[in-house]
Amino acid sequence: MPDIVLATLNAKFIHAAFGLRYVFANLGELQPRASIAEFDINQRPLDIAEALLAREPKILGLGVYIWNVTETAEVVATIKRVRPGIKIILGGPEVSYETDSQEIVRLADHVITGEGDLKFAEVCRAILENNSTLPKIIPAELPDFSRITLPYEFYTDADIAHRIVYVEASRGCPFTCEFCLSSLDVPVRAVPLEKFLGDMQKLLDRGLKQFKFVDRTFNLNIATSKAILEFFLARHQPGNFYHFEMIPDRLPAELREIIAKFPPGVLQFEVGIQTFNPEVGHHISRRQNYDRLADNFHYLRNQTRVHIHADLIVGLPGETVESFAAGFDRLIALDPQEIQVGILKRLRGTPIVRHDTEWQMIYNAQPPYEILQNRLIDFATMQRLRRFAKYWDLVGNSGNFVSTTPLIWRDESPFANFLRFSDWLYARIGRTDSIALARLAELLFTFLTSELKLKATRAAETMARDWQRAGRRDMPEFLREFLPVENLVRARAGKSSLPKRQARHLAAGQPRG
């Protein structure tokens, strides 16, 4: 049995815990005495505690995040009741700030705040040597990448075949956006490029197809970004897919040139815009050039086949419903394939709290600490916008309704008309999840034809194209009477090796607007 068990609860099974592998890789001589145990938040905390106790560890290290803190606290409480002698060490962003107010911190023996890649091993050595002078809260010095062992060999073959594999070429962010924990993580530190690319080659050789970079600002250092993109382009194989988080207004010619060479559908850029309101941007210390942003979007949509995932946030201080609506409509006009409408969260440690009094920011006390209301948006309206965000993900982002979605607004305001659809849909089904795709399609068809008075034949033909594009053989019954016979049967499309949403958008082969 291992003396040290590193564990966490992932949001879903498909996610592989990047942080655990970093800590494990840097255990040094303790590594043979350690093991990794991964769970997910859909498992019962009592069963997780049982599985961990069965390993009989002396030390249990747990990664705590906003998505798993509630369940992890229950696991810790159970283990401490049953085996109080096990030393529990917590780490992760959720327990790196505001430690005095957290029950999970009270239950644990030690908490490592900050980046614990190296500090965890140091604490374990002290515990195993019976050092009783360790404090409860142990700050980790910001580690230099020249001292950190990279973790990629500890992704298993099963991880590579079936799970999302995370990689990073840098840590930190030079910007100071007040809603984001990365604003506290300075300076930006780069992984030694030669070592990093060597490890990426090993992952490619082992058959990894999808690389998800977690760098907050991948295109900050243009020379490094270009070198990494050139590396993957030179080794690209059908089915490979690369995800990067990009600064939206920074896309110089040398990056454009290499990006344009990638085949369709294999690059995804996550672009955090968050707000188009300059005054709101000033409130949250976010700087961006909207003209350059628009020019970059036009280039990416017209000259490349990059899949753009753009982010906007509901509930920022100073943002009215009207200004958010204007920003949403402006983003629709820029035509990204996906728009994630996020609800503002009050992450522990972020300076967004300085606006609480002036803007009357009220957040949910339970994770993920989303905004409930503020001075400009009352609770009922915020709930409508929350539903808007969830329905938009199901309809606008999923790739199931690429051609159908624009019929909701046609030449009118996308935000206003989709909000109308959102209100209408919720009034009929009273929920925002567990909606079968065929049922959602039928409701969307009903809205288009009964509420917007769109001709049934046009709505049916458009929806049928979306339905068939995803390779579905059988046409829904509610569409059949409005379609010509030749549209009712079509051979199933070949399976794409790209992620499902991206593959559907790529199959559409046209701008959304």
In terms of relative ring orientation, are [X] and [Y] parallel, tilted or perpendicular, with 30° and 60° separating the classes?
{"X": "F418", "Y": "F388", "value": "perpendicular"}
{"X": "F213", "Y": "F244", "value": "tilted"}
{"X": "F415", "Y": "F324", "value": "perpendicular"}
{"X": "F445", "Y": "F482", "value": "tilted"}

Can you confirm whether the side chains of [X] and [Y] place a donor and an acceptor under 3.5 Å from each other?
{"X": "S170", "Y": "N221", "value": "no"}
{"X": "Y22", "Y": "E168", "value": "yes"}
{"X": "Q268", "Y": "H309", "value": "no"}
{"X": "R301", "Y": "N296", "value": "no"}
{"X": "E178", "Y": "H355", "value": "yes"}
{"X": "R469", "Y": "S403", "value": "yes"}
{"X": "E38", "Y": "N10", "value": "yes"}
{"X": "D466", "Y": "T404", "value": "yes"}
{"X": "Y391", "Y": "D393", "value": "no"}

Can you tell me how far apart [atom1] ([X]) and [atom2] ([Y]) are? Round to the nearest 0.5 Å.
{"X": "L419", "Y": "F328", "atom1": "CG", "atom2": "CZ", "value": "10.0 Å"}
{"X": "N219", "Y": "R250", "atom1": "CG", "atom2": "CZ", "value": "7.0 Å"}
{"X": "T72", "Y": "F39", "atom1": "OG1", "atom2": "CZ", "value": "10.5 Å"}
{"X": "I258", "Y": "I228", "atom1": "CD1", "atom2": "CD1", "value": "12.0 Å"}
{"X": "T8", "Y": "I36", "atom1": "OG1", "atom2": "CD1", "value": "11.0 Å"}
{"X": "D295", "Y": "N289", "atom1": "CG", "atom2": "CG", "value": "9.5 Å"}

Backbone N or O of [Y] within a donor-acceptor pair of the [X] side chain at under 3.5 Å?
{"X": "R458", "Y": "L454", "value": "no"}
{"X": "R163", "Y": "F13", "value": "yes"}
{"X": "R235", "Y": "F231", "value": "yes"}
{"X": "D40", "Y": "A11", "value": "no"}
{"X": "D215", "Y": "T217", "value": "no"}
{"X": "W67", "Y": "P367", "value": "no"}
{"X": "R375", "Y": "W359", "value": "no"}
{"X": "R410", "Y": "P406", "value": "no"}
{"X": "Y155", "Y": "Y166", "value": "yes"}

Under the 6.0 Å and 45° cation-pi test, does [X] pair with [Y]?
{"X": "R287", "Y": "F175", "value": "no"}
{"X": "R256", "Y": "Y299", "value": "yes"}
{"X": "R330", "Y": "Y290", "value": "yes"}
{"X": "R387", "Y": "Y426", "value": "yes"}

[X] versus [Y]: any side-chain heavy-atom pair under 4.5 Å?
{"X": "I273", "Y": "Q288", "answer": "yes"}
{"X": "W467", "Y": "T462", "answer": "no"}
{"X": "E71", "Y": "E74", "answer": "no"}
{"X": "I362", "Y": "F379", "answer": "no"}
{"X": "Q373", "Y": "M361", "answer": "no"}
{"X": "I339", "Y": "V341", "answer": "yes"}
{"X": "F179", "Y": "Q274", "answer": "yes"}
{"X": "Y242", "Y": "H236", "answer": "yes"}

Which atom names give the shortest non-hydrogen contact between [X] and [Y], and what distance separates them?
{"X": "P45", "Y": "V75", "result": "O-CG2, 3.7 Å"}
{"X": "E451", "Y": "R420", "result": "O-NH2, 3.1 Å"}
{"X": "T320", "Y": "I377", "result": "C-CD1, 4.5 Å"}
{"X": "I408", "Y": "V395", "result": "CD1-CG1, 4.5 Å"}
{"X": "I429", "Y": "R439", "result": "CG2-NH2, 4.4 Å"}
{"X": "G396", "Y": "T405", "result": "CA-OG1, 4.0 Å"}

Only one of D311, V271, I308 clears side-chain contact (heavy atoms from CB on, under 4.5 Å) with P248; which? V271

Residue that, paired with E94, satisfies side-chain contact (heavy atoms from CB on, under 4.5 Å) out of L347, L181, I66: I66

Answer yes when [X] and [Y] have at least one side-chain N-carboxylate O distance shorter than 4.0 Å, and no when they do not.
{"X": "D433", "Y": "K390", "value": "no"}
{"X": "R216", "Y": "E270", "value": "no"}
{"X": "R465", "Y": "E461", "value": "no"}

Derivation of the side chain to side chain contact (heavy atoms under 4.5 Å, CB included) call for H162 and D159: CA-CA 5 Å; H162 303 297; D159 294 333; over 6 Å; no

Please lay out, stage by stage, how V314 and M382 fare under the test side chain to side chain contact (heavy atoms under 4.5 Å, CB included). CA-CA 8 Å; V314 170; M382 198 71 77; 3.8 Å; yes

I would like to know whether N400 and R472 meet side chain to side chain contact (heavy atoms under 4.5 Å, CB included); could you show each step before the answer? CA-CA 11 Å; N400 290 313; R472 300 182 179 93; 2.7 Å; yes

Please lay out, stage by stage, how F421 and W409 fare under the test ring-ring contact (aromatic ring centres under 6.0 Å, His included). CA-CA 10 Å; F421 169 65; W409 58 80; over 10 Å; no

Decide yes or no on side-chain hydrogen bond (donor to acceptor under 3.5 Å, both in side chains) for E319 and H283, but give the supporting numbers first. CA-CA 10 Å; E319 187 92 84; H283 289 326; over 6 Å; no

Under the side chain to side chain contact (heavy atoms under 4.5 Å, CB included) rule, what do L334 and H298 come out as? Steps first, then yes or no, please. CA-CA 7 Å; L334 294 176; H298 288 311; 4.0 Å; yes

Near E257 CD, under 6.0 Å, is it more than 12 heavy atoms from other residues, nucleotides or ligands?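 Atom CD in E257 is not packed in, count stays at 12 or less.
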
